[in-house]
Each structure stands twice: as C-alpha cells, then as structure tokens.
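Here's the structure we're looking at; comments come further down.
Numbers restart at 1 for each chain; the letters A, B, ... are given by sequence-line order, proteins then strands. As the structure is a prediction and not an experimental result, all values here were calculated from the model. Any value given below was found using the heavy atoms of this structure, including those in side chains, with hydrogens, waters and symmetry copies removed.
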Amino acid sequence: MTVTVRFAPSPTGFLHIGGARTALFNWLFARHHGGRFLLRIEDTDRQRSTQAAIDAIIDGLKWLGLDWDGDIVFQFVRSARHAEVARRLLAEGKAYCCYASPEELEQMRAEQKARGLPLRYDGRWRDRDPREAPPNVKPVIRLKAPRTGETVVEDRVQGRITVANEQLDDMVLLRADGTPTYMHSVVVDDIDMGITHVIRGSDHMTNTFRQVQLYRAIGAEPPQFAHIPLIHGADGAKLSKRHGALGVEAYRDMGYLPEAMRNYLLRLGWAHGDDEIIPTDQAVEWFDLGGVGQSPARFDFAKLDSVNAHYMREAPDARLAALMRPFLEKKRGKPIDPHGFARVLRGMPGLKPRAQTLVQLADIAAFYVADRPLPMDDKAQKLLTPEAKAMLGRLRSRLAGVTPWHEVAIEEAVRGFAEAEKLGLGKVAQPLRAALTGTTASPGIFEVMAVLGSEESLGRIADQAGG
RNA sequence: GUCCCCAUCGUCUAGAGGCCUAGGACUCCGCUCUUUCAAGGCGGCAACACGGGUUCGAAUCCCGUUGGGGACGCCA
C-alpha cells in the first residue's frame, strides 16, 4: 500500500506556524516514502470558513514549497457521503438518535461541572425508545461507543496510549441539521482517501480515541497515527494569535527564506543526530517518524535568524537580489532603476554575510541606490571633522587618477595615499566610508567603490569633502 | 474538576544501561582575522526537575511527587 498522508487545515484563519510544520512533516514523510501528500480543506463549519483563509493556506503552502498531489479535497462537498455513512451506522444499530436540545446539554454540563464530575454526554438517549422523542425536534445522530474495556492507540511518536472507554462519551456524528461533524467527516474522508498515516498536532491526541472507535464501528482499519508535539511561544505558553502564532506570510514579510523556514521548522521537533543545517533534499532522504521528539518546543527567533543567515549566504546573488528588491523598494518608497539594481547585484557578495533577513539586507544595501547627496547618520557625521573633510579632498584628487577603476587599483591608491599622509589606513577608510555610505559600517570600502563606479564614488566624496 | 501526554544547558536538541568528568547548534562572553561592521577560525559560561526503586552499573528502565502542555462542543 502506498504511503498516503494528508494535511487537513480548517479555513478559519491563516496558515499558522504550527500548521506549517505539520504540513512540512507530512510532506517530508510522503516524499521520503515516494507516497502521496494530499490537501483537504476542512470547511464543514460554514459560518467560520472563508475563501480568504483558503487562499492564505494555499499561498502559504506554495511559498513554503510544499506541493500537494492531486486536487484539493473540500470536505463540505462530501457531506452527503458523510451523512450516508452515519445513517448506515444508525441502521446497523451502531449509532442512535439523540433528541436532547443544546440547552439541555448545556445544563447537563453545568451540573457536572458544579458537582466536580467529568464533562461528558451521559447517554440519556442511548437506550431510550425513539417513540418517546419530543415532537418537532430534529435529532442528532450519536455513535454508540463501547462503554467498557479500553481503546488503545499505538502512536508512532508517543508510543502506546490507552484510555478507559468509560472516559469517552457518545460523540455526535450528524448534527440536527443533517450536516456532519468534524470527528465524523475526518474519519470517513481518511478512509475514502486511503490515508495510511495521520500525522498531526498532539492537540488531536484525545480525538484519536474517539476516531478509532468510529473506525471500528464502520468496520475499517484505523491508519497509523503520529502526534507531533505542539509549538509554544517564546514564553512557554501555548502559541496563540497573541503569542506570535503568525501566518507564514508574516515570516515571508519579515524577510525569511522559505528554505530557511523549512530547515528551522524541521529542527523544531525532529532531529537527525547533531545535524543542524539540513537542506530540503537531505531532509526528504532522512525524514522518519522515529526522529520526532515527544516534548513541545518553543519558537525561537534568534535561532531562526541564524538559520536564515546561513541560507542567505548560500543563496545565489541574483536570486537574493531579486527577493530583496521589494523590501528595498518599500523602504525607499520608490522603484529601483536598472542601474541601481545592477549595483546591488554586484555588491551582493559583500552584503549578504552582513544580514540575517531580507529586511536587514535591504537596510544595508540602501546606500548603493541612495541619491546624492547622501544623508549622514550621527556617527558618520562625527567622523567628518574639518580635518577629515580636507583629507577627503586630497584623497579625491588622488582617486580621480585611478584607471582602470578596479578594486585592486583603488586599494593601492588609498593605501599609498594613507602612507603618504602618514596616516593609519583606518584614519582614511572611516571618513571615506562615511562619505560613500553615510554610515560607519559597510562592506569593504574598496569593494564599495568598485561597485559604485568612479563617477558616483568621486561625487559622493566631493559632497562631503571640504575646500 | 476528569482524562491523555510531556520533562537533558536560557532556547532547539544528541543520548535507545556502561562509549557521558553528558555532545552539537543558537544566544551571550573572550581571543583571532581586520579599513568599519559582519562572516570565518579558536576558546569559554551553561543542563540530565525532585524522591524512591531495579541493576555490578541509570540521563537512559519502573513507581511516586512537582512542574508544564493538551483535550473534555450539534468548532475544527
């Protein structure tokens, strides 16, 4: 049987980081085994499902590079099938009609809570004669779950997990309006789609027992389950919208590379010995459920930054420049002309080891496309003393004679000038850097001049030089 | 409250009874390289939650305590 997994988000919001990791693990598992990775949108909650959320999930998966097989399955479309299975169970006596109203059940739970009892449906209609049903009340269909014995799940991550059946109540399969519940739809769809492995967050752990009972009632063999621990926020609390559970598009907008995101997310909960940098093709080769950890992990931006910095250094200059472009244009508030973009591209080798994100990369690349005269930051301004300005004037004259305008020739000229002036190179380089970049930190100054070209370099120096 | 799960440096983790005076990565701190800032190289700080067992021997197995998380909907 070919390995078949699915990622099954509900379209009630963006694709958050936990969902992204679940999708990644499923995708890796499928690709590792040469199996299929299916996408199913769980939109049975008509009130909360939105097209915007569906789009966000699809965009997020695409950005992360997680391609699914076949067509997207929309769960709601299959509701007739779900109802059919529920009614079959009803006919077989494995399910029953429950006429308790929502208000009645709410009251039941309130009483249970008040008396310190477990919150469970008490099975009040389980064995009651349907002829006693109140008039004009549409019933829900509940599973007639076993009341004795225990349900065992052999989880591929958590190991064997057991629960006493008396802890579980009779879950609703079909709502009063005839629509299926999540619990029921999931099981029917997973059976129909031939899902062999269910890899999902451990918040679904307790659902699993109920779902296994449903599989048994339907007469199907349950798939293998693998519950991966949740991701927590930096403070250890549950990752919620308030605790940095951002959509993947937020990470894209913060300037993270998708391959870095995949690597970081992979290491959050999965390990292969001491390996840290694991490119995606390597991950596909190595991924296994045995490497998944059992305890929750905290999301750590510092580590993500470091991983991202690594992948930025490895990325080809042209790709990085293209990816960074929108960030730089946003920062400038206007487009970059081809001339400026060419500079950024040429300057990329010196730029990329100095940034951890595309946002930072745009920040430090900005001077390459800045218009003259450049604004000087405070530290740069401080360096440009009257003496320094005069020095820059003399240096400019010397530089004007450099041909061809190449890095090596420029360096020779500047070093020769410093020597002639009896100045340390730093005394010359720092004011020069200020004039050329408007800051005190930048790529190597000879590289900067070479990239800028002689005309622009001399112009910028002249802008700051005295006399 | 009931049930389920988890527990190694600040964080992510390696560790499947002796290889552990517990390894790697990130962060932080030094040193080095150096025209600045990075990157790189070298080095440092830092952990087996606690208590009982089992065993010749336990971070690793068992039990308990504590702590954390998750689930208890006609939401998914």
Heavy atoms from C-beta onward define the side chain here; which of [options] lies closest to that of [X]?
X	options	result
A:A271	B:C26, B:C5, B:A14	B:A14
A:T44	B:A76, B:C6, B:U13	B:A76
A:A297	B:C12, B:U11, B:A76	B:C12
A:R109	B:A76, B:G24, B:C74	B:C74
A:M205	B:C12, B:C4, B:A76	B:C4
A:D45	B:A76, B:A25, B:C74	B:A76
A:R120	B:G23, B:U2, B:C74	B:U2
A:S295	B:C6, B:C12, B:A14	B:C6

Would you please indicate yes or no on a ring centroid separation below 6.0 angstrom for [Y] and [X]?
X	Y	answer
A:Y96	A:W125	no
A:F25	A:F7	no
A:F29	A:H197	yes

Please report, rounded to the nearest Å, how far the [atom2] atom of [N] is from the [atom1] atom of [X].
X	N	atom1	atom2	result
A:H227	B:C6	NE2	C1'	15 Å
A:W270	B:G15	CH2	P	11 Å
A:K113	B:G73	NZ	P	10 Å
A:N165	B:C3	CG	C1'	13 Å
A:Y96	B:C74	OH	C1'	13 Å
A:F14	B:A76	CZ	P	19 Å
A:E276	B:G24	CD	P	11 Å
A:E103	B:G73	CD	P	16 Å

Taking the [atom1] atom of each, how far is [N] from [M], in whole Å?
N	M	atom1	value
B:G44	B:A25	P	12 Å
B:C28	B:A38	P	10 Å
B:G1	B:C12	C1'	35 Å
B:C33	B:G57	C1'	48 Å
B:A58	B:G41	C1'	38 Å
B:G40	B:A49	C1'	39 Å
B:U66	B:C74	C1'	39 Å
B:G23	B:G68	C1'	26 Å

When we call it a touch if two heavy atoms are under 4.0 Å apart, what does [X] touch: a base, just sugar-phosphate, or nothing?
X	answer
A:V140	base
A:A176	base
A:E42	sugar-phosphate
A:A114	nothing
A:T439	nothing
A:S185	nothing
A:D155	nothing
A:L119	base
A:S10	sugar-phosphate

* Asked: Mapping A:A302 and A:V163 onto RNA chain B by nearest heavy atom, which one lands closer to the 5' end?
  ->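 Nearest-nucleotide comparison on RNA chain B picks A:V163.
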* Considering heavy-atom distances to RNA chain B, does A:D275 or A:A100 have its closest nucleotide positioned more toward the 5' end? ->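 Going by which nucleotide is closer to the 5' end, it is A:D275.
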Residues [X], [Y]: salt bridge by 4.0 Å N-O rule:
X	Y	answer
A:R267	A:E276	yes
A:D189	A:R81	no
A:D170	A:R126	yes

Partner of [N] by Watson-Crick or G-U wobble geometry, both contacts under 3.5 Å, or none?
N	answer
B:A58	none
B:G1	B:C72
B:G43	B:C29
B:A38	none
B:C9	none

* **A:D55 and A:Q51 side chains, donor-acceptor separation under 3.5 Å** =>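 Checked: A:Q51/A:D55 side chains pair up, N/O donor to acceptor below 3.5 Å.
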* Do A:S442 and A:R433 have a side chain donor and acceptor closer than 3.5 Å? ->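 Note: A:S442 and A:R433 side chains meet the donor-acceptor criterion.
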* **Validation row: A:L399, A:M449 side chains within 4.5 angstrom (heavy atoms)** =>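 Yes, close enough: below the 4.5 Å cut-off.
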* Pair A:E421-A:L395, side chain to side chain contact (heavy atoms under 4.5 Å, CB included): steps then yes or no -> CA-CA 10 Å; A:E421 295 252 333; A:L395 175 60; over 6 Å; no
* **Step-by-step side chain to side chain donor-acceptor pair (under 3.5 Å) determination, A:R46 to A:T179** => CA-CA 10 Å; A:R46 304 312 290 166; A:T179 61; over 6 Å; no
* In sequence, state the C-alpha distance, the side-chain angles, and the governing distance for A:N165 and A:T151, and then conclude on side chain to side chain donor-acceptor pair (under 3.5 Å). => CA-CA 6 Å; A:N165 286 336; A:T151 298; 2.5 Å; yes
* To do: Cation-pi check, A:R142 to A:Y121: give yes when NZ or CZ is under 6.0 Å from the six-membered ring centre and within 45° of the ring axis, no otherwise.
  =>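 Satisfied, under 6.0 Å and within 45°.
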* Asked: Given B:C6, is OP1 or OP2 found less than 4.0 Å from the side-chain N or O atoms of A:Q294?
  ->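 Looking at the OP1 and OP2 atoms of B:C6, one of them is under 4.0 Å from a side-chain N or O of A:Q294.
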* Asked: In chain order, what residues pass the salt bridge (Lys or Arg N to Asp or Glu O under 4.0 Å) check against A:D169, with sequence neighbours excluded?
  ->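 Residues passing salt bridge (Lys or Arg N to Asp or Glu O under 4.0 Å) with A:D169: A:R210.
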Close N/O contacts between protein and nucleotides 58-68 of chain B (under 3.5 Å):
none

* Structure fact -> Readout for nucleotides 35-45 of chain B: B = base within 4.0 Å of protein heavy atom, S = sugar-phosphate only, - = neither; 5' to 3' it is BBBBSS-----
